[in-house]
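Here's the structure we're looking at; comments come further down.
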Amino acid sequence: MIKVLDSFVADKIAAGEVIERPVSAVKELIENSIDAGAGSIIVEIRKGGKSYIRVTDDGCGISYDESETAFLRHATSKISGITDLDNIVSLGFRGEALASISAVSRLTMVTRRAEDVSGVKLVLHGGRVVSKERTGCNTGTTVIVEDLFYNTPARRKFMKTDAREASSIIELIQQYAVCYSGIRFMMINNGMTLFSTSGDGDAHAVISLLYPSVAKNGLIPVSSDIVTGFVSDPGSTMSTRKGQLFFVNGRLVSSAVIEKGLEEGYQGRVFSGFPAAVLFIEAEPSDIDVNIHPGKLEIRFLRQDEIRSGIAEAVSRAVMTGAGIPKGFVKNIESAPEKQLNVDVPKREDTEQTSIKVFLKRLDDQSSRELPEAGTAPETAAVSEVAEEAVTDYIPLSSPVKGTAPVPAPVPAPAPVPAAAPFDFADLTYKGYIFNTYIIMQGNDEVYIFDQHAAHERVFYEKFMRGYNNSAHSPQPVLTAFTISVSNDVYSISGEWLGDLVRMGYDIEDFGDCTFIVRGIPPYMSIDEAEGFARGYAEAVGENGGVNRIVVDKLITKSCKSAVKAHDVLSEHEITDLMSQLAECDNPYSCPHGRPTFIRISSYDIERSFRRK
Ligand code: ADP
Ligand code: MG
């Protein structure tokens, strides 16, 4: 039942203009369609939505009697009392959208419920009903908005060009199509159908269709009780956040809390740019505040830390698997076909040695003779088909089930996806060592190339961190004691840092004259490592006036780099050793600076490069 909210409840709802641009009208209309349990939504616009917007759904429809009430301010079937505000499950709840849109346009609504024999066509100009008649029509609702802002010239001025307005609307529909993959969306712009989704609930397929750049390197499924969705591997990033879509209880939101959780989930493995991520978050309606902005885009989580760490944990579980290993070669494979076209297809007659003049002459003759009747396709055409990028890591996300209940329809919850299998180093066999740097290992159906230095840095880093965090180590004596010299200022505050080194397992003593003598080192370090670290540590205290966790982390990261010497040739024994140490790391996938420790090339990629697939 559509009722007008009493003024007490109405005042509690954040006030503000809902309709600023055509895209805000479209958003409200499709949210109404979703709330109405639609299985199919068609959006048609002309001139960026300024002259014409049509949203047609096959949802529950509105009865003849209630069709006018729907246009009253604060008329809604979705909430009735103040307690409902804490438990909002439908998208719309303010009861303002139809009133606001109709006030600034010429609006036509055609609607019918399944149980009614006829529907109703209602026309409003500037919010006033100009006609209302019974009509035959399909079940569901069509709203046509023409000449938006025709009676408010001031607002008309704020609209952007037709193309810009259209692009905002198209982007919006794409986002909703991803989130509600169980609903069929069709987008028509200036008479042209831009896209149409299947509505079969396969979110991954919708992402691939509408965001090919996000999906091109494959997406890794994420799944936990609070979040499901897909993320890219840490190497496949975009330069902006455009590839990041977050939905909370079926609403597209922007949220720093979610961004932070996502970033944490990658555990420093993103070297540059922003990973792609489509995340569906489920939160108790009472744990979020969706009412802080009339646009409803920004939401507030009442338990921010839980959401952040929950997302971080789920994302990290997804990317800390075999699927999260950056793929090698992918870019080269894409560009390979053209290159080969030019080199591989010599013209049969031209292979013998000829002078340039004779060659050109012959070409001339040939073209004048052959071209008119040339019925055969050029040889190059056959080679130009390139297989689409394979999405091997794809596990379909089952659809949010479309609501069938009368208004308000329940907000659909995406079904959980099975998590990707963890990466198992035991499956790898050693195949070779190239450029004195890269280790080749073979898995079941793919080749892995390890960067010896990055792997070393990772192993070193975790060894150090573990050593640093576990207190009280007894020093391991060194054969020849060594000294380290520090600057005067650092020497004068040795009380602040000497104890830390002792606790880490250094046998270190003041040797006078800004020097310290080291007779024993932590058991988990080599002499070189120990020397570099102690010196760096002392200096860091001087520079920062205190050593905190971040400084220690930086320091260890830095000394990792210096500890791994370039082009150190490894023996096979050392390689095996390095592999087993890496396998034991908490994060074997990247060095402390975020570069990958290894990449993957699937047999499929290789075969495709050779044109076998
Ligand atoms: P709200 O969505 O906040 O309730 P609106 O002004 O958007 O407010 O819509 C008012 C009411 O009209 C809704 O509560 C709903 O009952 C009805 N309504 C609007 N659009 C549709 C639709 N596409 N299908 C069925 N009912 C609709
Ligand atoms: Mg609404």
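Remember, it's 1-based here, ligands and their atoms both numbered in the order they're listed. Note that the numbering runs from 1 along the sequence shown for the chain.
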For this session: Look at the side chain of K50 and the backbone N and O of K160, then say whether any donor-acceptor pair between them is shorter than 3.5 Å.
Result: yes
Problem set entry | NZ or CZ of R156 within 45° of Y150 ring axis and under 6.0 Å | no
Exercise. Where's the contact between D57 and ligand 1, heavy-atom distance under 4.0 Å: side chain, backbone, both or neither?
Worked result: side chain
For this session: Find all atoms of ligand 1 within a distance of less than 4.0 Å from any non-hydrogen atom belonging to E96, and give their numbers and elements.
Result: 6 (O), 8 (O)
Problem set entry | Face-on cation placement of K27 at Y176 ring, 6.0 Å and 45° thresholds | no
For this session: Could you list the atoms of ligand 1 found under 4.0 angstrom from a heavy atom of I62?
Result: 17 (C), 18 (N), 25 (C), 26 (N), 27 (C)
For this session: Say whether D35, considering both its backbone and side-chain N or O atoms, lies within less than 3.5 Å of an N or O atom on ligand 1.
Result: no
Problem set entry | A70: numbered ligand 1 atoms lying under 4.0 Å from its heavy atoms | 10 (C), 12 (O)
Seminar exercise, completed: So the side-chain hydrogen bond (donor to acceptor under 3.5 Å, both in side chains) pairs with at least one residue in residues 136-148 (sequence neighbours excluded) are T56-T142, R106-D147, T111-T141, R112-T139
For this session: Could you note down all residue pairs passing side-chain hydrogen bond (donor to acceptor under 3.5 Å, both in side chains) where residues 185-199 supplies at least one of them, sequence neighbours left out?
Result: S198-D200
Exercise. Mind checking whether A97 has an N or O less than 3.5 Å away from an N or O of ligand 1?
Worked result: yes
Exercise. Heavy atoms only: which of L98, I34, N32 is nearest to atom 6 (O) of ligand 1?
Worked result: L98
Exercise. Would you call the rings of F230 and H204 parallel, tilted or perpendicular, where under 30° means parallel and over 60° means perpendicular?
Worked result: perpendicular
